[in-house]
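These notes concern the structure reproduced below.
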Amino acid sequence: MAAPAGASKQDIRERIWNYMESHDLADFPRPVHHRIPNFKNKKTLLVPTPRLRTGLFNRITPPPGATKDTLRKCATSQGVRNFSVPVGLDASVQVDLVVVGSVAVSEKGWRIGKGEGYADLEYAMMVSMGAVHEGTPVVTIVHDCQVVDIPEMLLEDHDLTVDYIITPTRVIATGCARPKPAGIVWSKVSCEMLDKIPILRSLCEREKQAGKDVALAAEPSGQRPAPRTGRRPWGAPRWQRGSAGRPRSPPQEEDAQLAATVCVGNLPRDARMSELKRALLWLGAAPASLTWQEPQRRAILHYPDPAAARQAVSCLQGLRLGANTLRVYWGGRGTRVLVGGPQQQSHPHHPWGF
């Protein structure tokens, strides 16, 4: 599958996503847009800590006598929480094989992810920890349709390349000689990323003490952003029911709160909060808190900031509970944006006024 001349990374992503959707090639969750596509390939995939919220590695130990269903759960976010022990920066870990997800990959070993940079960051962190080296093989498992031509001009220094591509029909040894990331490129790390990823902050502090340049993106050399204080850690949700007694905020603060809030509607009449919680955790879209509004068949998700809310909206597109496709709304004062239908629609009234 050749990429059109002059195509961008996003053009290639959209082409792959559209093809896999139109040919019904992907497994849950659907649609595959804005995700690393899942499909059944009779392979076992081990996944790192989702979005690096609680660390880089988790050592998963299935319970004795684990069934196939239990093993499948071990590979989910909930499974990582229930059946694993976190591995810290001080642990002596040697990784023999890195398996990375891809949206598109070329036979030369050049890879395109879903655009968030987590795989590149995870690998760079492993290099900094001494867990991998240049000779550690990197493998990606994709459908045949995801193997495409990728122009070299699209690659950047921090992009991770792969040594082997596994598809349902073949094994491709790329022979890629392009150097892999040699560690964290701090000038590519934003203050927001450092604020959300505790293990990245720890690694930044270590490298700073070692005399390395850890100046972040768009900040003067030698300065470091102040850590978040007085807020619940990202990835540690506080679930709650109802909203009675919540004090009203000043208009400016209320605008910011609305912009960091997502409403999930069209919940099935028999839906339980635990079902939605599991889906949010599985998709890596766990909010800081959740307000369950059962009479209105909706839930309000409260995120740390608007960027996290926008990312959650992207992750929740097409989410289903039971037979219902959920309606996902995001927006600030006086607007609401419906995501998940044929088109995004804006409505000039309160965002949660169904």
Side-chain angles (χ1 to χ4, degrees), residues 1-27 29-39 41 45 51 98-124 137-182 185 187-190 193 217-218 283-284 307 310-311 313-318 337 339-344:
M1 187 184 294
S8 67
K9 285 184 177 180
Q10 189 61 26
D11 292 334
I12 296 174
R13 290 185 187 105
E14 293 292 342
R15 187 173 179 224
I16 294 292
W17 285 329
N18 291 338
Y19 184 92
M20 296 193 81
E21 276 298 319
S22 64
H23 289 75
D24 196 27
L25 296 175
D27 200 1
R30 299 283 293 275
V32 296
H33 294 83
H34 310 289
R35 312 181 196 280
I36 298 295
N38 290 333
F39 59 93
N41 196 16
L45 304 179
R51 298 185 182 277
V98 175
V99 180
V100 62
S102 302
V103 172
V105 65
S106 78
E107 292 192 18
K108 295 181 178 180
W110 302 338
R111 170 191 170 275
I112 295 177
K114 60 183 177 181
E116 296 181 339
Y118 278 101
D120 307 314
L121 181 59
E122 289 160 359
Y123 182 87
V138 178
V139 176
T140 191
I141 301 176
V142 297
H143 194 276
D144 288 279
C145 76
Q146 293 173 263
V147 182
V148 300
D149 294 331
I150 298 175
E152 186 173 9
M153 62 178 294
L154 297 180
L155 270 67
E156 300 179 65
D157 292 341
H158 65 275
D159 285 333
L160 177 62
T161 57
V162 302
D163 302 299
Y164 296 95
I165 304 169
I166 312 297
T167 81
T169 64
R170 55 185 177 150
V171 175
I172 304 169
T174 67
C176 184
R178 185 183 179 92
K180 294 182 174 63
V185 181
S187 61
K188 298 285 187 181
V189 177
S190 67
M193 291 173 63
L283 292 170
R310 286 194 297 270
Q311 179 60 40
V313 166
S314 176
C315 292
L316 297 176
Q317 290 185 43
V337 178
V339 180
Q343 294 181 331
Q344 293 188 349

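Please read all numbers here as calculations on a predicted model, not as lab measurements. Position 1 is the first residue of the sequence; numbering continues from there.
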Worked verdict on Val138 versus Tyr123 for side-chain contact (heavy atoms from CB on, under 4.5 Å): CA-CA 10 Å; Val138 178; Tyr123 182 87; 4.0 Å; yes
Spacing of [X] atom [atom1] and [Y] atom [atom2] [to the nearest 0.5 Å]:
| X | Y | atom1 | atom2 | result |
| --- | --- | --- | --- | --- |
| Ser106 | Leu154 | OG | CG | 10.5 Å |
| Arg15 | Gln146 | CZ | CD | 12.5 Å |
| Ile12 | Ile150 | CD1 | CD1 | 5.5 Å |
| Thr161 | Lys180 | OG1 | NZ | 4.0 Å |
| Leu121 | His158 | CG | NE2 | 9.5 Å |

Can you check whether [X] reaches [Y] side chain to side chain, under 4.5 Å on heavy atoms?
| X | Y | result |
| --- | --- | --- |
| His143 | Pro37 | no |
| Met20 | Val103 | no |
| Ile16 | Val148 | yes |

Mark yes or no for whether [X], through its side chain, and [Y], through its backbone, hold a donor-acceptor pair below 3.5 Å.
| X | Y | value |
| --- | --- | --- |
| Thr174 | Val162 | yes |
| Thr140 | Ile165 | no |
| Trp17 | Arg35 | yes |
| Glu107 | Val147 | no |
| Arg13 | His34 | no |
| His23 | Leu25 | no |
| Arg111 | Gly101 | yes |

side-chain contact (heavy atoms from CB on, under 4.5 Å) evaluation trace for Asp11 with Lys9: CA-CA 5 Å; Asp11 292 334; Lys9 285 184 177 180; over 6 Å; no
Check against side-chain contact (heavy atoms from CB on, under 4.5 Å), Asp159 and Trp110: CA-CA 8 Å; Asp159 285 333; Trp110 302 338; over 6 Å; no
Heavy-atom closest pair, residues Asp163 and Pro137: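 So the minimum-distance heavy-atom pair works out to OD2-CA, 3.4 Å.
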Flag if over 12 foreign heavy atoms under 6.0 Å of CG, Asn18: yes
Charged N-O contact under 4.0 Å between Lys188 and Glu156: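 Glu156 and Lys188: salt-bridged.
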side-chain contact (heavy atoms from CB on, under 4.5 Å) evaluation trace for Glu152 with Arg178: CA-CA 10 Å; Glu152 186 173 9; Arg178 185 183 179 92; 3.5 Å; yes
